**Q** 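There's a structure below that I have some questions on.
Lettering follows sequence order; numbering is per chain, from 1. Fair warning: this is a prediction, and the values are worked out from it, not measured in the lab.
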Number of protein chains: 2
Amino acid sequence: MAVTEAREPQTPESRRNTRELVLDAALASFGTAGYDGTSLDDLAAGLGIRKQTILYHFVSKRRLLDAVVDRCAGDLAAALEQVLATSRTEAPARASASASSSDWDRVEAMVRVVFRIALERPVLLGLLREVSRPGSPGAVRVRTHLEPLMARARRWMEDEMAAGRMRRTDAQLLLLSAYSTVVGVATEIEVLRAAGVGPTLRPVVRRRAELLRFLRSSLDPSA
Amino acid sequence: MAVTEAREPQTPESRRNTRELVLDAALASFGTAGYDGTSLDDLAAGLGIRKQTILYHFVSKRRLLDAVVDRCAGDLAAALEQVLATSRTEAPARASASASSSDWDRVEAMVRVVFRIALERPVLLGLLREVSRPGSPGAVRVRTHLEPLMARARRWMEDEMAAGRMRRTDAQLLLLSAYSTVVGVATEIEVLRAAGVGPTLRPVVRRRAELLRFLRSSLDPSA
DNA sequence: CCGCCTCCTGACCATCTGGTAGAGAGGCTG
DNA sequence: CAGCCTCTCTACCAGATGGTCAGGAGGCGG
């Protein structure tokens with residue numbers, strides 16, 4: 001009798017999706033309640049699932065966080081990769097009057113794509129904020145993901161500088177500054193939302209414009 | 001035998017300071033490890049004290065957080081109050097060529113004092129960041145502290161606007177934007193520190209300059 | 001000396017935490 | 001049908017956590 005509504009039919013499809021569902025819920029919870037503020041029991045309860053199921057897919061809570069970070073970093077990397085692939089061909093069609101055309105277009109396109117991702121998936125910002133706290137578990141993880149990207153961008157920028165298409169500056173410091181700005185924006189958005197100001201775009205757009213202007217004044221040789 | 005080094009002499013002075021010591025340690029821990037990541041046992045152990053002592057002074061963990069927030073908000077309010085008191089008399093001596101002299105000086109002085117506090121006591125930024133997370137305990141507390149300040153600043157700004165000494169804009173939105181910028185800076189600093197960039201002032205100074213420029217362009221009638 | 005007050009502590013507790021062990025249900029392959 | 005694999009569950013646990021209770025130590029006024 002009591003067994004009637006016991007378990008879901010657990011079709012093959014639903015099975016394969018459990019892992020993704022857990023990842024989604026974990027991302028949301030880690031981003032809002034924080035890592036310590038998230039309990040596996042609550043997480044499971046929110047999915048109508050038992051905690052042991054989570055531990056079956058992700059060996060430990062710590063590894064669940066790692067998986068969440070990995071997936072987000074993967075999404076970001078993929079988006080950036082796509083920008084790098086397309087901007088090379090589409091950029092020349094742009095109407096900008098700036099010098100050294102496509103170089104700056106790539107920088108701008110990447111900044112825009114990062115901000116777009118951040119706005120389209122606000123939970124990512126929450127996670128980024130949580131994980132960027134020094135000493136936080138996952139801070140090292142996110143760092144290992146970001147470091148290759150950073151190193152690559154840095155090499156590219158330094159090549160551009162050497163070729164005279166960018167003004168000479170400290171590429172590392174510039175990248176770090178840009179990164180911290182994005183993280184800062186993440187916090188700003190949450191603060192504004194908490195203050196009742198809805199998903200307002202204005203401050204974000206303003207900050208994006210500031211960042212772009214800062215980068216341009218640092219990099220554009222015609223400035 | 002084993003009782004020899006049992007307890008501190010607990011002079012009247014040390015007694016009265018226990019509460020403050022706990023507040024200091026709690027501020028540091030809440031700001032770095034977060035509220036959930038802080039345990040009363042660890043907190044007490046760090047002070048060579050038993051957890052029950054903490055609970056004696058502050059009835060519960062939650063109230064300890066409230067007390068920490070209260071003290072910080074009090075410090076901030078006091079600093080702002082002092083600026084408001086002194087700027088009125090000292091401002092006229094400034095060599096600025098800007099219009100509507102003392103109004104803008106007050107705005108600038110207040111921005112500077114907030115940033116100075118933030119830099120002199122970095123733990124405050126950690127707490128602000130922790131507490132500004134929507135849904136966080138203490139978020140409502142900090143809000144009740146900030147709302148009167150905000151309302152007061154807003155009224156003052158609107159008076160200035162009405163008198164033509166400030167350009168007309170949405171005061172509320174402007175204040176919120178400024179506030180979120182400060183919170184964002186808090187996160188930025190921690191991110192930079194985590195990335196190995198020491199207590200570098202450059203990004204902070206840059207952001208302060210940006211904020212000031214933004215405020216000026218929004219408020220200065222001669223712009 | 002006595003009682004009282006402040007401050008602190010040891011013993012204890014209910015609850016929640018992440019994590020382990022083992023079994024059951026269903027599908028796939030032989 | 002048998003055996004295996006995948007996925008989820010129930011049952012359980014050791015440790016940590018926030019919090020309660022009663023009591024001890026010292027200062028202080030009577």
**Q** Tell me, please, which residues at least two apart from A:L23 pass side-chain contact (heavy atoms from CB on, under 4.5 Å).
**A** A:E20, A:F58, A:L64, A:A67, A:V68, A:R71
**Q** Under 4.0 Å from OP1 or OP2 of D:dC9: is there any side-chain N or O of A:T53 that close?
**A** yes
**Q** Can you measure B:Y56 atom OH to D:dG23 atom C1' for me and round it to whole angstrom units?
**A** 14 Å
**Q** Output the rounded distance in Å from CG (A:L21) to C1' (D:dC7).
**A** 14 Å
**Q** So, using salt bridge (charged side-chain N to carboxylate O under 4.0 Å, His left out) as the criterion, who are the partners of B:R152 when residues are at least two apart?
**A** B:E81
**Q** Residues in side-chain contact (heavy atoms from CB on, under 4.5 Å) with A:A171, at least two apart?
**A** A:R154, A:M157, A:E158, A:M161
**Q** Just by protein heavy atoms under 4.0 Å, how would nucleotides 15-22 of chain C read 5' to 3' in B, S and -?
**A** --SBBBB-
**Q** What is the distance, to the nearest angstrom, from the CZ atom on B:R19 to the P atom on C:dC8?
**A** 11 Å
**Q** Does D:dC7 have its OP1 or OP2 closer than 4.0 Å to a side-chain nitrogen or oxygen of A:T18?
**A** no
**Q** Write down the distance between CD1 (B:I54) and P (D:dT17), rounded to a whole number of angstrom.
**A** 12 Å
**Q** It should be established whether A:R50 places a side-chain nitrogen or oxygen under 4.0 Å from OP1 or OP2 of nucleotide D:dC9.
**A** yes
**Q** CZ of B:R63 versus P of D:dG19: gap in Å, rounded?
**A** 11 Å
**Q** Looking at residues at least two apart in the chain, or sitting in another chain, which of them share a side-chain contact (heavy atoms from CB on, under 4.5 Å) with B:T38?
**A** B:S29, B:F30, B:A33, B:L43
**Q** Which pairs pass salt bridge (charged side-chain N to carboxylate O under 4.0 Å, His left out) with one or both residues in residues 122-131 of chain A, sequence neighbours excluded?
**A** A:R129-A:E190, A:E130-A:R133, A:E130-B:R133
**Q** Does the side chain of B:Y35 reach to within under 4.5 Å of the side chain of A:D36, using non-hydrogen atoms?
**A** no
**Q** Whether B:H57 contacts C:dC8 is assessed here as follows: a side-chain N or O lying under 4.0 Å from the phosphate OP1 or OP2. Is that the case?
**A** yes
